[in-house]
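Working notes, structure below.
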There are 2 protein chains.
Amino acid sequence: MDGQWVRPLGEQQLGDASYYGSEFNGRRMANGRRFDPRSTSVAHRTLPFGTKVLVTNLGNGRSATATVEDRGPFVRGRIIDLSPRLAEHLGMLMQGVAPVEVTPVELAEAPN
Amino acid sequence: MDGQWVRPLGEQQLGDASYYGSEFNGRRMANGRRFDPRSTSVAHRTLPFGTKVLVTNLGNGRSATATVEDRGPFVRGRIIDLSPRLAEHLGMLMQGVAPVEVTPVELAEAPN
């Protein structure tokens, strides 16, 4: 976990994750904002834009929180498409595709 | 340079490089082989398949040799699409798109 407090909000989903190539750099995502490889943006087929998700790489247990900003991926068996930043954080850049768990969550504000 | 002896074979080309996302994992490249993020495959619009190229990141001077195996990229100003392995080697993963020099080369056999 990257030290962020989260509270699960919905059902956990299992499937494969892939990540964006930089051909998408600067292009508009489905929510209208421009794609940035350094961001924590992800594409998901159904979750509303702005939904926070916890993504866990089931291959190595590494996880990260992200925000749904785009629609996709449209490849069978793949449930989420990650920014390169997230793919690096989850240790799956060279592997390319990894089994993940995706859970919609609420992020705790920084403790005051 | 990654220590590989090369002999330039053709004119050097200048332009931007991007890299593949892992949505392409396992898919067929234009030369019929399957795309592997760990490979040193690149896409170029015109160089013949099998051509070896030296790719230098003009932003940091890092370079790597690669093999043309696919056609693309088809975005104005971009002259080459790299495997994630190459993008990592050239230090451009987070940047996403980097100015590069691409030179067709002959690779020296390992000195006997």
Side-chain angles (χ1 to χ4, degrees), chain A residues 15-30 33-45 55 57-60 62 64 66 69-100 102, chain B residues 15-30 33-45 55 57-60 62 64 66 69-100 102:
Chain A
D16 281 344
S18 51
Y19 59 85
Y20 285 79
S22 59
E23 304 89 352
F24 296 99
N25 260 38
R27 279 203 219 158
R28 290 214 183 277
M29 296 183 287
R33 291 175 54 181
R34 289 197 182 275
F35 177 72
D36 170 3
R38 293 181 194 82
S39 71
T40 56
S41 315
V42 298
H44 189 273
R45 280 196 292 275
V55 184
N57 181 344
L58 299 176
N60 58 21
R62 290 166 63 164
E69 296 205 67
D70 203 2
R71 284 292 172 245
F74 300 105
V75 176
R76 210 162 36 81
R78 292 189 191 163
I79 60 170
I80 196 163
D81 211 5
L82 309 170
S83 69
R85 160 81 66 202
L86 286 166
E88 185 178 50
H89 189 85
L90 295 179
M92 54 175 272
L93 275 175
M94 287 307 114
Q95 194 178 335
V97 175
V100 292
V102 175
Chain B
D16 282 344
S18 50
Y19 60 84
Y20 285 81
S22 58
E23 305 91 350
F24 296 98
N25 260 37
R27 278 202 219 160
R28 290 214 183 277
M29 298 183 286
R33 291 175 54 181
R34 289 198 182 279
F35 176 73
D36 169 4
R38 293 182 196 82
S39 71
T40 55
S41 315
V42 298
H44 188 274
R45 280 197 292 273
V55 184
N57 181 343
L58 298 176
N60 58 22
R62 291 166 64 166
E69 298 205 63
D70 203 1
R71 285 292 171 244
F74 300 106
V75 176
R76 212 162 36 81
R78 292 187 191 164
I79 61 170
I80 195 164
D81 211 5
L82 307 170
S83 70
R85 160 83 64 201
L86 286 166
E88 184 178 50
H89 189 85
L90 296 179
M92 55 174 272
L93 274 175
M94 288 306 115
Q95 195 179 332
V97 175
V100 292
V102 176

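Chain A is the first sequence line, chain B the second, and so forth, proteins listed ahead of strands; every chain is numbered from 1. In this text the structure is predicted, and so the values were computed from the model without any measurement. Computed over heavy atoms, backbone and side chain alike; hydrogens, waters and symmetry mates excluded.
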Could you pull out the closest heavy-atom pair between [X] and [Y], with the gap in Å?
| X | Y | value |
| --- | --- | --- |
| Gln95(B) | Pro37(A) | O-CG, 3.8 Å |
| Phe24(A) | Glu23(B) | CE1-OE2, 4.0 Å |
| Tyr20(B) | Tyr19(A) | O-CE1, 4.3 Å |

Item checked: Val75(A) versus chain B, the contacting section by heavy-atom distance below 4.5 Å ->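 Only the side chain of Val75(A) comes within 4.5 Å of chain B.
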
Note to self: Need one label for Asp81(A): side chain, backbone, both or neither, based on atoms under 4.5 Å from any heavy atom in chain B.
What the structure shows: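 The side chain, not the backbone.
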
Note to self: Donor-acceptor pair, distance only, cut-off 3.5 Å: does the side chain of Ser22(A) make one with the backbone of Gly96(B)?
What the structure shows: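 Indeed, once roles are kept as given, a pair shorter than 3.5 Å links the two residues.
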
Check: Can you tell if the side chain of Met94(B) reaches within under 4.5 Å of the side chain of Pro84(A), non-hydrogen atoms only?
Finding: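 Yes, side chains in contact.
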
Notebook entry, point to check: Contact part of Glu88(B) toward chain A, heavy-atom cut-off under 4.5 Å: side chain, backbone, both or neither?
Noted result: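 It is the side chain, since no backbone atom gets that close.
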
Check: Near Arg33(A) CZ, under 6.0 Å, is it more than 12 heavy atoms from other residues, nucleotides or ligands?
Finding: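 At most 12 heavy atoms, drawn from other residues, nucleotides or ligands, come within 6.0 Å of this atom.
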
